[in-house]
Amino acid sequence: MLVLQAIRENKEQLITALKKRNLDAEPLLNQVSELDEKRRAIQTQMDSTLAQLNSLSKEIGNLFKSGKAQEAKVLKEQTIQIKEDSKKLSEELNEVVSALDQALFLIPNIPHELVPAGSSEDDNEEIMREGEIPELFEGALPHWELAKKYDIIDFELGVKITGAGFPVYKGKGARLQRALISYFLDKNTEAGYQEMQVPHLVNAASGFGTGQLPDKEGQMYHVTADDLYLIPTAEVPVTNILRDTILSYKELPVRYTGYTPCFRREAGSYGAHVRGLNRLHQFDKVEIVRVEEPSNSYKALDEMVKHVQKILRELELPYRILRLCGGDLGFTSALTYDFEVFSTAQDKWLEISSVSNFENYQSNRLKLRFKDKNGKTQLAHTLNGSSLALPRVLAGILENCQTKNGIKVPKVLVPYTGFEIID
RNA sequence: GGAGGAAUGGCAGAGUGGUCGAAUGCGGCAGUCUUGAAAACUGUUGAGGGUCACACCUCCGGGGGUUCGAAUCCCUCUUCCUCCGCCA
């Protein structure tokens, strides 16, 4: 969530910046300012009430010690009213604080100046494109047909076991999937990201820390018996490793990578565009997370983008990079680059990575801070990105690498798969 | 699942009703010494709110209670440890 200090100091600029999200934030920010002032007023009152009580208690103690029980009794009576007052004030304070929090939760992150204006994905800005889109032969198939033809992914079997959106990967399909995971993790480790294996269920505090809660509760599977959530992305457990932490500037930057399955309810659209691997309830993803000093976070974002590019280049997949417009930008992000791979047989682009800088929006919730060189404690910046989301990479490989004789595995993956062709 | 024990600052560990935001040790930081480093010595060292700055307020796992006053007493939840049972 936004830092109160920033709202106090730059309200007008924030309102202007948030217009890029097509949001009129003025009423909300005004509400926050009001509640903030109210909170401070009540707090001040309560503090002085408690100060009175503290000094009275001290006096009473001294009187008892010097044997003046009678005088102490008089003072004791005075405390009754004070205690009543402070109780009332503390109730008021709680109300105001929770109203303030509620209001703050409704305000998304401030878009970075590079974020283009726009209302939907059509307004995203394509900043580069690389890789050859292959000419497919007559009779080339979309990936779900290929999956069936070579018996490497079974969607119906997943339906039997669980339901739609939970495919079963078989044989060389499973092996290719595992190869991709290993390959991604190796690339990330090489680039200095520490590999982490994290829980796939998280508590509410973690969901709250990275911003999935309270606003996006419906997107997660909720295990009510234990009040835990299946993770929608490794971002949640991996970033929460550092919740409530004060790092030294020497420990920055922190770079983590982790592979996890991801679970998304994705209630909403159905139809042709969710066919096959395009959209699933459970999928695998390798994630990279960074924690940075504020002054370095945009350089870090660029590094992450370059890193993902490098992987895609090695996989020889045609891709493009989009800078998300204000209307498509995630709630917690300040600047996001999406990577899309071209799905030749479907003749469309599929999102395979999203790399974002959250600045201090997450860290403010997470209480993820660091002590700078001057010994001052301040909020760190958090970033994350997919490197990469598996199903659509797999779809891209199947469709773009299909030949009449089978699917040619990208060269870099052969050491991981142990085979060169799926036939 | 059954029986006991515990939860205090970065870590270890004292503190059992007022003088405790908290001894002591380690670690961290700064300095003295040294060509430099180590050792030794000296100082400093939790977080949040609030203030121009002080004052002041809150926090000893979470929540509630007793009391003029709670790290300390009571209730409750959570977590961890030991033993037993079950089990990958």
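We name chains A, B, ... by the order of the sequence lines, and we start the count at 1 in each one. Computed from heavy atoms alone, side chains included, the values below leave out hydrogens, waters and symmetry copies.
Atom P of A55(B) sits at a distance of 26 Å from the matching atom of G63(B), rounded to the whole Å. With both ends at atom P, the span from G31(B) to A37(B) equals 11 Å, rounded to whole Å. The separation of G65(B) from A71(B), taken at their P atoms, amounts to 15 Å, rounded to a whole angstrom. The C1' atoms of G15(B) and C60(B) are separated by 11 Å, rounded to the nearest whole Å. The separation of C26(B) from U44(B), taken at their C1' atoms, amounts to 16 Å, rounded to a whole angstrom. Look at the P atom in both A38(B) and C20(B): the space between them is 36 Å, to the nearest Å. As rounded to the nearest Å, U72(B) and U16(B) have C1' atoms that lie 5 Å from one another. Nucleotides C41(B) and U24(B) place their P atoms 15 Å apart, quoted to the nearest Å.
Here the P atom of nucleotide U51(B) and the CD atom of Gln43(A) are 10 Å apart, to the nearest Å. Here U67(B) presents its P atom at 20 Å from CG of Leu63(A), a figure rounded to the nearest Å. In this structure, Phe370(A) places its CZ atom 19 Å from P of G46(B), rounding to the nearest Å. Whole-Å rounding puts the Lys87(A) NZ to G65(B) P distance at 6 Å. Taking atom CZ of Arg369(A) as the reference point, atom P of G10(B) lies 11 Å away to the nearest angstrom. When the P atom of G28(B) is taken as reference, atom OH of Tyr249(A) falls 13 Å away, rounded to whole Å. The NZ atom of Lys73(A) sits 15 Å away from the P atom of U67(B) (whole-angstrom rounding). Distance CZ (Phe64(A)) to P (G17(B)): 16 Å, rounded to an integer number of Å.
Applying the Watson-Crick and G-U wobble criteria (two distances, each under 3.5 Å), C73(B) pairs with G65(B). G1(B) is paired with C84(B) under the criterion used here, namely a Watson-Crick or G-U wobble arrangement in which both key atom distances are under 3.5 Å. If you check U79(B) for Watson-Crick or wobble pairing at under 3.5 angstrom, you find it paired to A6(B). Base pairing annotation: G25(B) forms a Watson-Crick or G-U wobble pair with C11(B), both donor-acceptor distances under 3.5 Å. C59(B) and G46(B) make up a base pair, with Watson-Crick or G-U wobble contacts both under 3.5 Å. Base-pair partner of U32(B): A40(B) (Watson-Crick or G-U wobble, both distances under 3.5 Å).
Of the candidate nucleotides U58(B), G50(B), A47(B), G50(B) has the atom lying nearest to any side-chain atom of Arg8(A). Out of G50(B), C57(B), C68(B), the shortest distance to the side chain of Asp47(A) is found at C57(B). Checking C56(B), G46(B), G50(B) against every side-chain atom of Ala51(A), the shortest atom distance belongs to C56(B). Among the nucleotides A47(B), U58(B), C68(B), the one closest to the side chain of Asn54(A) is U58(B). Each of A47(B), C68(B), C57(B) was ranked by its minimum atom distance to the side chain of Leu53(A); first place goes to C68(B).
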Applying salt bridge (charged side-chain N to carboxylate O under 4.0 Å, His left out), run through Lys367(A) and Asp244(A) and close with a yes or a no.
CA-CA 5 Å; Lys367(A) 303 248 177 303; Asp244(A) 287 316; over 6 Å; no

Test ring pair (Phe, Tyr, Trp, His ring centres under 6.0 Å) on His307(A) and Tyr193(A) and set out the steps.
CA-CA 11 Å; His307(A) 177 68; Tyr193(A) 294 86; 5.7 Å; yes

Run Arg8(A) and Asp36(A) through salt bridge (charged side-chain N to carboxylate O under 4.0 Å, His left out) and show every step you take.
CA-CA 9 Å; Arg8(A) 281 180 206 153; Asp36(A) 180 36; 2.6 Å; yes

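Within the nucleic acid shown, Thr44(A) has no heavy atom closer than 4.0 Å to any nucleic acid atom. Contacts of Lys83(A) with the nucleic acid, taken as non-hydrogen atoms under 4.0 Å apart, involve only primed sugar atoms and P, OP1 or OP2. As judged by a 4.0 angstrom heavy-atom cut-off over every strand, Leu50(A) is placed among residues touching the sugar-phosphate backbone only. Lys371(A) comes within 4.0 angstrom of the backbone, heavy atoms only, and of no base.
Comparing Thr377(A) and Asp36(A), the nucleotide of RNA chain B nearest to each residue sits closer to the 5' end for Thr377(A). Nearer the 5' end of RNA chain B, as judged by each residue's closest nucleotide, is the contact made by Asn62(A), out of Ser48(A) and Asn62(A).
For Tyr169(A) and Phe155(A), the distance between ring centers is not under 6.0 angstrom. Between Tyr298(A) and His112(A), the ring center distance clears the sub-6.0 Å criterion.
Using a 4.0 Å cut-off, some side-chain N or O of Lys250(A) falls inside it from OP1 or OP2 of C29(B). Within the structure, every side-chain polar atom (N or O) of Lys58(A) is placed at least 4.0 Å from both OP1 and OP2 of C20(B). The phosphate of G49(B) (OP1 or OP2) has no side-chain N or O of Arg39(A) nearer than 4.0 angstrom.
A salt bridge is absent between Glu314(A) and Lys411(A): the closest approach of a Lys/Arg side-chain nitrogen to an acidic carboxylate oxygen does not fall below 4.0 angstrom.
Ser387(A) and Lys187(A) share no side-chain donor-acceptor pair at under 3.5 Å. Side-chain contact, Glu235(A) with Gln362(A): a donor N or O sits under 3.5 Å from an acceptor N or O.
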